[in-house]
Student: 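Input: one structure, supplied below.
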There are 2 protein chains.
Amino acid sequence: MAKKKQTLKEVAYEFIKNKIVNCEYQPNAFINEEMIASQLNVSRTPIREALMRLEQEQLVSILPKRGIVVCSLTPDLIASIFETRLLLEPYIIENYGMYIDRCKLEDFKRLYGGDYRKDKVEFEIDDEFHSLIYHASKNPYLIKTLENTTFQNQRIRVYSGIKVFRVPDTYDEHIQIINALLDEDYKLAAKRMREHILKSRKNSLEIVFSS
Amino acid sequence: MAKKKQTLKEVAYEFIKNKIVNCEYQPNAFINEEMIASQLNVSRTPIREALMRLEQEQLVSILPKRGIVVCSLTPDLIASIFETRLLLEPYIIENYGMYIDRCKLEDFKRLYGGDYRKDKVEFEIDDEFHSLIYHASKNPYLIKTLENTTFQNQRIRVYSGIKVFRVPDTYDEHIQIINALLDEDYKLAAKRMREHILKSRKNSLEIVFSS
DNA sequence: ATATACACTGTTGTATACATCATTGTATAT
DNA sequence: ATATACAATGATGTATACAACAGTGTATAT
């Protein structure tokens, strides 16, 4: 795996983003620039640059002269995330499904259906599947928006504190979407994607609001 | 007009963004941090912070160690902008039209229909009308995405070099949308919004590609 | 006891100096 | 003439020092 050269800003961005989406930096927690800088053995400058990007992605709020706070996970925010996904992802799959790499679809299908341990937690695979699909749109606005919802989605999964997040069901649903795509039935694939997201929303809301 | 206190980062952001959307910094032009810093009598720091935000909004590209370049206006980009608007704006108007401030709609209607000089160029009013509508969604992801398309839309208008940008037609179309909203016929309002954006796209593509 | 004034503290905001790298031009070898 | 090596240049990348401000606590006056 070739690790290409990154700027410290990018390193800091990845570092902080991972802490946030994995709730190591919890919602509503305050972040101290200098603390992170010393952890990474860099100056505050790249940290600040990373935080500005994270503010754009709605993962932190910068309160001028007061501090940086991790965005809270409110019911409204969760509703917005799923509303966005429900609007964009089925649209993309219906209109750009023909451009999705068949080989990669087959890879996912093997991964899901084969000897892969279904009880293993692999959020990344779920995210990668959705990423493969929405990148087919080639539309930077749609892609960026969905990437941002992915980050928040991961926060929801972690914050809800569950270890197994309906993974078997998710995989079955993904397989059904892939099958529709391989059959070139993009309307059906879009419909299944919509149902898949609806189930995911239902699950998230139940878990988050049961606490 | 109360001008609330801004950080230099915000001042720089507004300054540079306006230059870009008005094509004072043309597509593909290189931007020099220090030059802008001396123009604003500030250091490079707030300039850099503003540029990072503009990179997120896809108005500039930061080429590490090489420079900052204003994003180009390609056919693909224009297509993406209108695709995004066509997907989001009718959806919002159909689902959130009931939450749009009636008084403000009446204000726009008076503005369009009254003694307002229709031959006057007022891009801002067009943008404000669309802004009023998409803010009704209360969805930060949809709002942010549409704000970004607004910036690019302004670039297209200016770059195409026209002074009168189908303004009378635009106003008539807006009035029709407002009328449907005031009648609480949100499906019709959404349909008219869709047609409005389609016409705008057609107009933009013709002008940009005629050069 | 309450309210006001004011110094204190900790953080972010900004300016500045230096480091680093991509590029360009020049010189040298073949 | 071409190619390679290498120094020069100019921009961004990063570190550091200082300024400015929001919030807090303390002291004082009433």
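All values below were derived from every heavy atom in this structure, side-chain atoms included, with hydrogens, water molecules and symmetry-related copies excluded. Just so we're on the same page: letters track the sequence lines, and every chain starts at 1. Values in this document were obtained by computation on a predicted structure and should not be read as measured data.
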Student: Looking only at side-chain atoms of B/R44, point me to the closest of C/dA17, C/dG13, D/dT16.
Tutor: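 Out of C/dA17, C/dG13, D/dT16, the nucleotide with an atom closest to B/R44's side chain is C/dA17.
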
Student: Checking base pairs now: Watson-Crick or wobble, both atom distances under 3.5 Å. What partners D/dA7?
Tutor: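 The answer is C/dT24, by the H-bond criterion.
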
Student: Tell me which nucleotide among D/dT12, C/dG13, C/dA15 gets nearest to the side chain of B/E33.
Tutor: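 That would be D/dT12.
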
Student: Side chains of B/Y141 and A/Q58: is there a donor and an acceptor less than 3.5 Å apart?
Tutor: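 Checked: B/Y141/A/Q58 side chains show no N/O donor-acceptor pair below 3.5 Å.
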
Student: Starting at atom CD1 of B/I68, determine the distance to atom P of D/dG10, rounded to an integer number of angstrom.
Tutor: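 My rounded result for the distance is 17 Å.
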
Student: B/S43 side chain N/O closer than 4.0 Å to the phosphate oxygens (OP1, OP2) of C/dA15?
Tutor: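 For C/dA15, OP1/OP2 do have a side-chain N/O of B/S43 under 4.0 Å.
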
Student: Taking only side-chain nitrogens and oxygens of A/N32, does any of them come within less than 4.0 Å of OP1 or OP2 of C/dG10?
Tutor: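 It does not, given that no N or O in the side chain of A/N32 lies less than 4.0 Å from OP1 or OP2 of C/dG10.
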
Student: When the distance from CD of A/E34 to P of C/dT12 is rounded to whole Å, what number comes out?
Tutor: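 Rounded to the whole Å, the gap is 8 Å.
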
Student: Heavy atoms under 4.0 Å, any strand shown: does B/L51 hit a base, just sugar-phosphate, or nothing?
Tutor: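 Counting heavy atoms under 4.0 Å across all strands, no contact is made by B/L51.
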
Student: Return the value, rounded to whole Å, for the distance between atom CD of A/E49 and atom P of C/dT14.
Tutor: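 Answer to the nearest Å: 14 Å.
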
Student: So which nucleotide does D/dG25 pair with, by the Watson-Crick or G-U wobble rule with both distances under 3.5 Å?
Tutor: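 In the structure as shown, D/dG25 has C/dC6 as its Watson-Crick or wobble partner.
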
Student: Can you tell me the distance, in whole Å, between the CD atom of A/E55 and the P atom of C/dT12?
Tutor: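 Answer to the nearest Å: 13 Å.
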
Student: Between the base of D/dG10 and the side chain of B/R66, is there any donor-acceptor pair under 3.5 Å?
Tutor: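 No.
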
Student: Just by distance, with hydrogens left out, do B/H130 and B/H135 show a side-chain donor and acceptor under 3.5 Å apart?
Tutor: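 No, B/H135 and B/H130 have no side-chain donor paired with an acceptor closer than 3.5 Å.
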
Student: With rounding to the nearest 0.5 angstrom, report the NZ to CD1 distance, B/K109 to B/I177.
Tutor: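 One gets 13.0 Å once the value is rounded to the nearest 0.5 Å.
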
Student: Does this structure show an ion pair linking A/R102 with A/D107, if we count only N-O contacts that are shorter than 4.0 Å?
Tutor: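 No, this pair does not count.
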
Student: Base of C/dT11, side chain of A/K65 - is there a donor-acceptor contact under 3.5 Å?
Tutor: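 Checked by distance alone, the answer is no.
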
Student: Take A/T45 and B/P64, find for each the nucleotide of DNA chain C with the closest heavy atom, and name the residue whose nucleotide sits nearer the 5' end.
Tutor: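 Looking at DNA chain C, the more 5' nearest nucleotide goes with A/T45.
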
